[in-house]
Peer 1: 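Would you mind keeping the following structure in view while I ask a few things?
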There are 2 protein chains.
Amino acid sequence: MATISAEQARQLAELFTALSDPSRVRIIAALVEGETNVGALAAIVGISESAVSHQLRTLRQMRLVRAHRQGRRVVYSLDDAHVADIFQRSLDHILHDSPDGDSSALDRTPQ
Amino acid sequence: MATISAEQARQLAELFTALSDPSRVRIIAALVEGETNVGALAAIVGISESAVSHQLRTLRQMRLVRAHRQGRRVVYSLDDAHVADIFQRSLDHILHDSPDGDSSALDRTPQ
DNA sequence: ATCACATATGAGCAGATGATCAGATACACA
DNA sequence: TGTGTATCTGATCATCTGCTCATATGTGAT
């Protein structure tokens, strides 16, 4: 699988960037459960509908979610099975070897 | 797997944040191949040793990499099998359904 | 002890990010 | 057509990020 190309690195980083925010993570988590409209997502995540809409735009551009109207509502769903998979594995990851509880940090070797 | 907690969302986002930068992605990619020292990483990634060192610090704090001295060098390796797995799956992901070539973006439904 | 090599670290700065606010757009229904 | 609901969007601003530069620390060899 050789050392990754610069372009691939960029794309990978872009994918992870889409998942690098707590609000977006919660949006994705909610959508794993099933499709949902913007207002409901705002309620679940606990931020304004405007903020959710902005985040959904990002996720849409990344092709991680998909939208379709249903009456006056716009219903979102995951556009990608891979992402749900990656998401689930990552969740397993933090559930396993993260025996701490407080914030992040503290070095490992240097110093 | 119910709707994720705020704390879990924070941790997940933190993990993805560690992978959300092209330089760090390339560092991880290099380490997947085997342990490497700072100078070599700098050469591979194409940024200064100082910049690499800063990024390695972040990765160390996230417990994604581990370091040990070897003479005057400090050799880094992945501290986590899960991450290599997540990384590999994500790579597969972008290699599969990313048939475009240019930058990112362009909406999907609204408008 | 001194010097060169290898890495780490703090300060500082330019660019990115995410929330809010105000206003635009889209749809359903009377 | 007008009104209320649902969502989107641009501007703005405070905060965060990642790099560079200068400097400190650590190691091996002379």
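Being a predicted model, the structure only gives us computed values, none of them experimental. Labels below follow one simple rule: chain letters A, B, ... track the order of the sequence lines, proteins then strands, and each chain is numbered from 1. Only heavy atoms go into these numbers, but all of them, side chains included; no hydrogens, no water, no symmetry mates.
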Peer 1: So, taking the atom named CG in A:L12 and the one named CD in A:E7, what distance separates them when rounded to the nearest 0.5 Å?
Peer 2: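 CD of A:E7 is found 10.5 Å from CG of A:L12.
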
Peer 1: Would you say A:I86 and B:H93 make side-chain contact, with heavy atoms under 4.5 Å?
Peer 2: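 Side chain of A:I86 against side chain of B:H93, heavy atoms only: contact under 4.5 Å found.
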
Peer 1: Distances under 3.5 Å only, N/O to N/O: pair up the protein atoms with those of nucleotides 1-5 of chain D.
Peer 2:
unit_1	atom_1	unit_2	atom_2	d
D:dT5	O4'	A:R72	NH1	3.2

Peer 1: In whole Å, what is the span from the CZ atom of A:R57 to the C1' atom of D:dA11?
Peer 2: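 Computing the A:R57:CZ to D:dA11:C1' distance gives 13 Å.
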
Peer 1: Could you tell me which residues satisfy salt bridge (charged side-chain N to carboxylate O under 4.0 Å, His left out) with A:R89, sequence neighbours excluded, listed by chain and number?
Peer 2: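 So A:R89 forms a salt bridge (charged side-chain N to carboxylate O under 4.0 Å, His left out) with A:D85, B:D85.
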
Peer 1: Would you mind writing out the side-chain donor-acceptor pairs for residues 36-52 of chain A within the sub-3.5 Å range, not counting sequence neighbours?
Peer 2:
unit_1	atom_1	unit_2	atom_2	d
A:T36	OG1	A:G34	O	3.1
A:S48	OG	A:A51	N	3.0

Peer 1: What is the distance, to the nearest angstrom, from the CD atom on B:Q61 to the P atom on D:dG18?
Peer 2: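 Value for this atom pair: 12 Å.
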
Peer 1: B:S53 vs B:L56, test: side-chain contact (heavy atoms from CB on, under 4.5 Å). Steps then yes/no.
Peer 2: CA-CA 5 Å; B:S53 190; B:L56 285 171; 5.5 Å; no

Peer 1: Which whole-number value in Å describes the distance from A:E49 CD to C:dA24 P?
Peer 2: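 For the pair A:E49 CD and C:dA24 P, the rounded distance is 19 Å.
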
Peer 1: Atom CZ of A:R10 and atom CG of B:D21: how far apart are they, to the nearest 0.5 Å?
Peer 2: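 Result: 12.5 Å between the selected atoms.
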
Peer 1: Measure the CG-CG distance between A:L59 and A:L31 for me, rounded to the nearest 0.5 Å.
Peer 2: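 One gets 8.0 Å once the value is rounded to the nearest 0.5 Å.
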
Peer 1: Have a look at B:Y76 and tell me which of B:R60, B:R66, B:E35 forms a side-chain hydrogen bond (donor to acceptor under 3.5 Å, both in side chains) with it.
Peer 2: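 It is B:R60; the other options fail the test.
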
Peer 1: How long is the line joining NE2 of A:H68 and P of C:dC27, in whole Å?
Peer 2: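 The distance from NE2 of A:H68 to P of C:dC27 comes to 14 Å, rounded to the nearest Å.
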
Peer 1: End-to-end bend of the helix from C:dA1-D:dT30 to C:dA30-D:dT1 (five-pair axes, 10° rounding)?
Peer 2: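 Rounded value for the end-axis angle: 20°.
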
Peer 1: Whole Å only: how far is the CZ atom of B:R66 from the P atom of C:dT7?
Peer 2: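 Atom-to-atom, B:R66 to C:dT7, this comes out as 18 Å.
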
Peer 1: What pairs with A:R24 under side chain to side chain donor-acceptor pair (under 3.5 Å), at least two apart in sequence or on another chain?
Peer 2: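 For A:R24, the residues satisfying side chain to side chain donor-acceptor pair (under 3.5 Å) (neighbours in sequence not counted) are A:Q55.
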
Peer 1: Could you check whether any side-chain N or O of A:E33 sits under 3.5 Å from a backbone N or O of A:A30, counting only pairs where one atom can act as donor and the other as acceptor?
Peer 2: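 Side chain of A:E33 to backbone of A:A30: no pair is present.
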
Peer 1: In the 5'-to-3' direction, what one-character label does each nucleotide of nucleotides 15-21 of chain C receive under the scheme B = base within less than 4.0 Å of a protein heavy atom, S = sugar-phosphate only, - = no such atom?
Peer 2: ---SSBB

Peer 1: Using only side-chain N and O atoms of B:N37, determine if any of them is under 4.0 Å from OP1 or OP2 of C:dT7.
Peer 2: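 Yes.
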
Peer 1: Rounded to the Å, how far apart are B:Q70 CD and C:dT7 C1'?
Peer 2: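 Between C1' of C:dT7 and CD of B:Q70: 14 Å.
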
Peer 1: With the side chain counted from C-beta on, respond yes when A:R26 and B:I4 share a heavy-atom pair under 4.5 Å apart, and no when they do not.
Peer 2: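 In short, these two side chains touch, coming nearer than 4.5 Å.
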
Peer 1: At less than 4.0 Å, is any side-chain N or O atom of A:Y76 found next to OP1 or OP2 of D:dA6? Yes or no.
Peer 2: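 No, because none of the side-chain N or O atoms of A:Y76 sits under 4.0 Å from OP1 or OP2 of D:dA6.
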
